[in-house]
2 protein chains.
Amino acid sequence: MLVRKQQIAPQRPSSSELNAFAGHAVFCSEFKYRRGTEIFGEAEPIQYLYQVKSGAVRSYKLLADGRRQIMAFHLPGDIFGVENGAVHRFTAEAIVETIVHLTGRQNVVEQERGSATATNNVLRLVTGSLQHAETHMLLLGRKTALEKVAAFLIEMDVRLTAAGVMSLPMNRRDIADYLGLTLETVSRALSQLRDRDILSFIGQSQRQIVLRDRARLTDFDQ
Amino acid sequence: MLVRKQQIAPQRPSSSELNAFAGHAVFCSEFKYRRGTEIFGEAEPIQYLYQVKSGAVRSYKLLADGRRQIMAFHLPGDIFGVENGAVHRFTAEAIVETIVHLTGRQNVVEQERGSATATNNVLRLVTGSLQHAETHMLLLGRKTALEKVAAFLIEMDVRLTAAGVMSLPMNRRDIADYLGLTLETVSRALSQLRDRDILSFIGQSQRQIVLRDRARLTDFDQ
DNA sequence: CGATCTTTTGAAAGAGGTCAATTGAAGTGG
DNA sequence: CCACTTCAATTGACCTCTTTCAAAAGATCG
């Protein structure tokens, strides 16, 4: 597993939000993952706790025949890989070149035993994931394609929009696998929103989006 | 809210698994809810922690136009209503006449502050919910109708089958809203499984099911 | 025992999926 | 640095799975 990892600053403990999370300084390295590379796999033993420094991560589950459901996108600032058991329940991959801060699981486990504050931090993270999962179940089970795409844009708008432009790190297939659709349906929904002047693409890339009418976009998201 | 509640043994602290959860005896009452009545509503302040003694509970979220997504069914032994924030994120209703044990939230909060064991118990419950939610997202986003119904039957088989018979407390609409389908599609899938001799209904009720071929049922669930 | 709720089943419609072709962007190696 | 290959996205045409609408039979409840 470490073979895939490209260590940047292995010896120097670096300051990060992970330290704040732990309540005290812990050994904390920076790793860089190339686009498309696996950070950890489903059923692999848990060794680290991760925080996205730059880039983007997708975590997903697969069915036997390859159908994929992306549970969440992890963007700069997000902490992921927090689990209570011994093994990961899903796979995490870098969507683009991604730098993460990581801390050994030992530190987290020790904190769980010792500090009540640290345990509460773990609890807060897991609760946050659960809340997101519940919202997403409602989307997956009961929303139409257009409502799903609108909800996705609103979610990403908060996280990714800088200077009025939303730069999506993921491709249409990733979005589709997040929303329980096909990439063609996602593309058609985006085109429809563009034709109605609710959004527009800028430059040559189809991943740079400007939201022109957030109010009407919200109307689509039930 | 208390108006709806029919208290059974208000004065007598009763022994239950909730006490084991708390690590020591706490005030613990038994309440009975008639079928269809609300136990708590979305956005209501959290006051209690619940454990199903008998019966069944559905917890769900609604869209503005009434579309419903059931997040989970809570069956005898299940603890529910555990949340980290101040208000509930969904509604819980008794599916049939249901008896629950409940303990005041104060106890839980105090335990969170004090005992690390109690906090770990809360963490274990929340982690369990998250794990279930992740599995369910894969089902909602990526499985076909037949696969969804097969997965539902396998899930309920473990929980509900006694003496070879699975007695479902919920109707077809509940199942549909759990699986992101319509009740007609659920009915058709069950008929299909019956026609293929994978299950059969017993008696006059359509909620008493005998699984005749679990191996082939598992084949349908990817 | 009548009224209401639940479930099944059929027929028709529709939302989203599949297949395919085209265009455009982005890496890659000579 | 540019041609070449590969990857990404759009769009059209068609198809199919699930939904919608409707009717009828069956179960349950007061």
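Values below: all heavy atoms of this structure, side chains included; hydrogens, waters and symmetry mates excluded. Each chain gets a letter, A, B and so on, in the order the sequences are listed, and its residues count up from 1.
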Cationic N near anionic O, under 4.0 Å, A:K61 to B:E134
no
Closest non-hydrogen contact found for B:L140 with B:K148 is O-NZ, 3.7 Å
Closest of C:dT8, C:dT6, D:dT11 to the B:S191 side chain is C:dT8
Sorted by chain and residue number, the salt bridge (Lys or Arg N to Asp or Glu O under 4.0 Å) partners of B:D195 (sequence neighbours excluded) come out as none
Atom CD of A:Q206 and atom P of D:dC7 are separated, to the nearest Å, by 18 Å
Residues pairing under ring-ring contact (aromatic ring centres under 6.0 Å, His included) where one sits in residues 140-162 of chain B, two or more places apart or in two chains, turn out to be none
A:V87 and A:E83 have their tightest heavy-atom pair at O-OE1, 3.8 Å
Rounded to 10°, the helix from C:dC1-D:dG30 to C:dG30-D:dC1 deviates from straight, judged by its five-pair end axes, by 50°
B:L193 atom CG is separated from C:dT9 atom P, nearest whole Å, by 13 Å
Checking A:Y33, A:Y50, A:F80 against A:H74 for ring-ring contact (aromatic ring centres under 6.0 Å, His included), the one that qualifies is A:F80
Assert: residue with more 5' nearest nucleotide on DNA chain C, out of B:D195 and A:S205, is B:D195
note: B:R194, atom CZ; C:dT8, atom C1'; distance rounded to Å ~ 8 Å
Separation of D:dA9 atom P from A:Q192 atom CD, nearest Å, is 19 Å
note: B:F201, atom CZ; C:dT9, atom C1'; distance rounded to Å ~ 13 Å
B:T98 and B:G55 have their tightest heavy-atom pair at OG1-CA, 3.7 Å
Under 3.5 Å, N/O pairs linking protein and nucleotides 15-17 of chain C:
residue, atom, partner, partner atom, Å
C:dG16, OP1, A:A145, N, 2.7
C:dG17, OP2, A:T182, N, 3.3
C:dG17, OP2, A:T182, OG1, 3.2
C:dG17, OP2, A:T185, OG1, 2.4

Here the residues of residues 63-72 of chain B within 4.0 Å heavy-atom distance, strictly under, of DNA chain C are none
Residue set satisfying ring-ring contact (aromatic ring centres under 6.0 Å, His included) with A:F220, at least two apart, ordered chain then number -> none
Taken in chain and number order and not counting sequence neighbours, the residues that satisfy side chain to side chain donor-acceptor pair (under 3.5 Å) with A:R212 are A:S200
Minimal heavy-atom distance between A:I39 and A:V57, with the atoms involved, is CD1-CG2, 3.7 Å
In whole angstroms, the gap separating P of C:dT18 from CG of A:L183 amounts to 10 Å
Of all heavy-atom pairs linking B:P45 and B:H88, the shortest is O-CD2, 4.0 Å
Between CD of A:E97 and P of C:dA26 the distance, given in whole Å, is 16 Å
side-chain hydrogen bond (donor to acceptor under 3.5 Å, both in side chains) pairs touching residues 185-194 of chain A, sequence neighbours excluded, are A:T182-A:T185
The salt bridge (Lys or Arg N to Asp or Glu O under 4.0 Å) partners of B:D197 (sequence neighbours excluded) come to none
Tabulate atom names and distances for all N/O pairs under 3.5 angstrom spanning the protein and nucleotides 22-25 of chain D.
none

Of all heavy-atom pairs linking A:E93 and A:E38, the shortest is CG-CA, 3.9 Å
(Q) Can a donor-acceptor pair be found, under 3.5 Å and without considering hydrogens, that links the side chain of A:R207 to the backbone of A:F201? (A) no
When rounded to whole Å, the CG to C1' distance for the pair A:L190 and D:dT10 reads 11 Å
Within residues 165-173 of chain A, those residues having any heavy atom closer than 4.0 Å to DNA chain C are none
Sorted by chain and residue number, the salt bridge (Lys or Arg N to Asp or Glu O under 4.0 Å) partners of A:R214 (sequence neighbours excluded) come out as A:D157
